[in-house]
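Counting begins at 1 with the first residue of the sequence.
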Amino acid sequence: MFFFASVISYVDRQVLSVNAPLIREQFALSNVDYSYLVTSFLVAYTIGYTALGIVVDRLGTRLAFALFIVCWSVAGVAHALVIGPLSLAVCRFLLGFFEGGSLPAALRGISEWFPARERATAIGIYAAGTPIGTMIAAPIIVFVTIIFGWRFAFVATGAVGFIWLVFWLRTFYLPEKHPRISIEERNLIIADRRESNSVRRRGHTVRGLLRKRETWAIIVSHSLFSPVWWFYVFWLPAYLHDERGLTLQEVGGSAWIPFLTGAAGTIFGGWLSSWLLKSTKSLATARYAVFVIASLGSLLGIPAAFVSEPWMCVALISIVTFALCMWATTMMSLPADVVPSQLVGSLSGLSGSGGALGGVLFTLLTGWLVDNFSYWPVFCLAAVMPLSAVGILYVVMPKIQQIAFDGTLAQPSPATENR
């Protein structure tokens, strides 16, 4: 269910990206104007990550996720009614705000259901929804747009969330309450959790998180990595159309390929991190090895901007997205690695807000650079930012272990320390 929710959210947000040439022409938008639309989504995403991460920890995964997908589906359908840039920006803001709750809810749910040794793989499967949703979005949206127009594309994709909601309410319960779980499995899950009975009011624990350097290491590294992913998600169709000369049909036939490799990267990154953890018994080794490999792969974005053939450009970008999704899966594991499950939603929200804020700034910079220079400076910046992120993360927190909250959270148990 988490995987399909991720697919739906990325299809919903890609309708604008795929139809950007048509919408920009109809409303006479420049690259800077388009960057403002993307920014309205990311600003709301920034707010939603933190605000809705706290909501997840208060309402619980089941109710919170149901609320979020209803709201973002309504916002997605509302795009069909826009009459100009302002109303379009409002719809993007609402979509971004409520989609901001998806990641904190999913990560909390995974931390509630999966033991630590399986968590990275589970997150990899969930995270595969990101590139798969982006991958299938281009051909589906192009097909619907050609037959029914770009407005109906927003209606068709937005309505899918309500179908997901029916299955969600019928299937998701906590392990303690699930009607179809064995006693053995329930005991295994509960025994492995990093819980503490000394969690105080949520407001105090969130402030406690902000006083920890590990929290800021995760936030800052996320703020350097996420803009790179957002660049490829929001700007790749426009880049292929404007700079590489592809038609809308050709964009639909090729823009999905980098996200197919991204889907493979999410699963491979989760598997590799879990395998390294079992082999080395070191959480830091398991996580940082993937970070380093992924950040080196992202450097191929530099030659992608300069090769002459469009197919070579798409091929290099496909390797980059594979590496980025390896990184993303491992990055999403960190909140569950360093805090108990009661705070995973809050830390994931803070981290996501940092990533979205970085995306806001990088998107505005992208629009300005493209209008005044070209895409190549953006590709070069995007290539080196993940490497900078892993350097900051390692310097600030070379060891990955549960954060100790004096007077708020108890120290980790011996079993947790050994693991």
Side-chain angles (χ1 to χ4, degrees), residues 106-107 110-128 185 188-196 212-222 224-225 261-299 319-341 343-344 347-348 351 386-404 409 411-419:
L107 294 186
I110 289 172
S111 72
E112 290 167 336
W113 267 96
F114 289 90
R117 61 183 178 275
E118 300 175 355
R119 196 173 294 138
T121 302
I123 290 175
I125 295 171
Y126 156 69
E185 184 176 5
L188 172 66
I189 294 169
I190 294 175
D192 192 85
R193 284 183 184 167
R194 295 182 176 187
E195 302 283 44
S196 170
K212 299 297 181 179
R213 67 176 189 175
E214 292 89 347
T215 299
W216 287 104
I218 293 173
I219 292 173
V220 173
S221 62
H222 206 162
L224 289 171
F225 160 77
T261 58
T266 59
I267 297 173
F268 178 75
W271 171 84
L272 179 60
S273 186
S274 294
W275 180 80
L276 288 170
L277 179 57
K278 293 176 183 177
S279 301
T280 65
K281 309 300 181 183
S282 169
L283 192 59
T285 299
R287 303 301 189 235
Y288 281 121
V290 177
F291 285 145
V292 171
I293 294 171
S295 61
L296 293 176
S298 70
L299 294 175
I319 300 174
V320 172
T321 54
F322 179 90
L324 292 176
C325 288
M326 284 180 61
W327 173 291
T329 299
T330 309
M331 190 72 195
M332 282 189 274
S333 301
L334 285 183
D337 289 334
V338 302
V339 298
S341 64
L343 296 178
V344 168
L347 181 53
S348 299
S351 172
L387 195 60
S388 302
V390 70
I392 291 172
L393 194 64
Y394 183 78
V395 168
V396 178
M397 48 179 293
K399 294 182 179 180
I400 299 176
Q401 57 190 6
Q402 188 172 356
I403 299 173
L409 289 179
Q411 296 293 330
S413 65
T416 300
E417 292 174 340
N418 292 336
R419 185 167 61 243

[atom2] on [Y] to [atom1] on [X], rounded to 0.5 Å:
X: Ser351; Y: Trp216; atom1: OG; atom2: CH2; answer: 11.5 Å
X: Leu272; Y: Arg287; atom1: CG; atom2: CZ; answer: 10.5 Å
X: Leu283; Y: Ser273; atom1: CG; atom2: OG; answer: 7.5 Å
X: Leu224; Y: Leu387; atom1: CG; atom2: CG; answer: 10.5 Å
X: Ile125; Y: Ile110; atom1: CD1; atom2: CD1; answer: 9.0 Å
X: Asp337; Y: Ile400; atom1: CG; atom2: CD1; answer: 6.5 Å

Between [X] (side chain) and [Y] (backbone), is there a donor-acceptor pair under 3.5 Å?
X: Ser274; Y: Trp271; value: no
X: Thr329; Y: Cys325; value: yes
X: Thr266; Y: Ala263; value: yes

Any idea which heavy atoms bring [X] and [Y] closest together, and the distance?
X: Val320; Y: Gly297; value: CG2-O, 3.9 Å
X: Ser221; Y: Leu393; value: OG-CD1, 3.6 Å
X: Ala294; Y: Met326; value: CB-CB, 4.2 Å
X: Phe322; Y: Ala264; value: CE1-C, 3.7 Å
X: Ala323; Y: Ser298; value: CB-N, 4.0 Å

- Item | Plane angle bin for Phe225 and His222 - parallel if under 30°, tilted between 30 and 60°, otherwise perpendicular |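 If you compare the ring of His222 with that of Phe225, the planes turn out tilted.
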- Taking the six-membered ring for Trp, are Tyr288 and Tyr394 parallel (under 30°), tilted (30 to 60°) or perpendicular (over 60°)?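 If you compare the ring of Tyr288 with that of Tyr394, the planes turn out perpendicular.
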- Task: Would you sort out whether Leu107 and Ile123 count as a side chain to side chain contact (heavy atoms under 4.5 Å, CB included), showing the intermediate values?
- Result: CA-CA 7 Å; Leu107 294 186; Ile123 290 175; 4.1 Å; yes
- Task: Could you tell me whether the side chain of Glu214 reaches within less than 4.5 Å of the side chain of Leu334, counting heavy atoms only?
- Result: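 Leu334 does not reach Glu214 side chain to side chain.
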- Message: Any heavy-atom pair between the side chains of Leu347 and Thr215 that's under 4.5 Å?
- Response: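 Answer yes - side chains close enough.
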- Take Val396 and Val220 through the test side chain to side chain contact (heavy atoms under 4.5 Å, CB included) and record every step on the way to the result. CA-CA 10 Å; Val396 178; Val220 173; over 6 Å; no
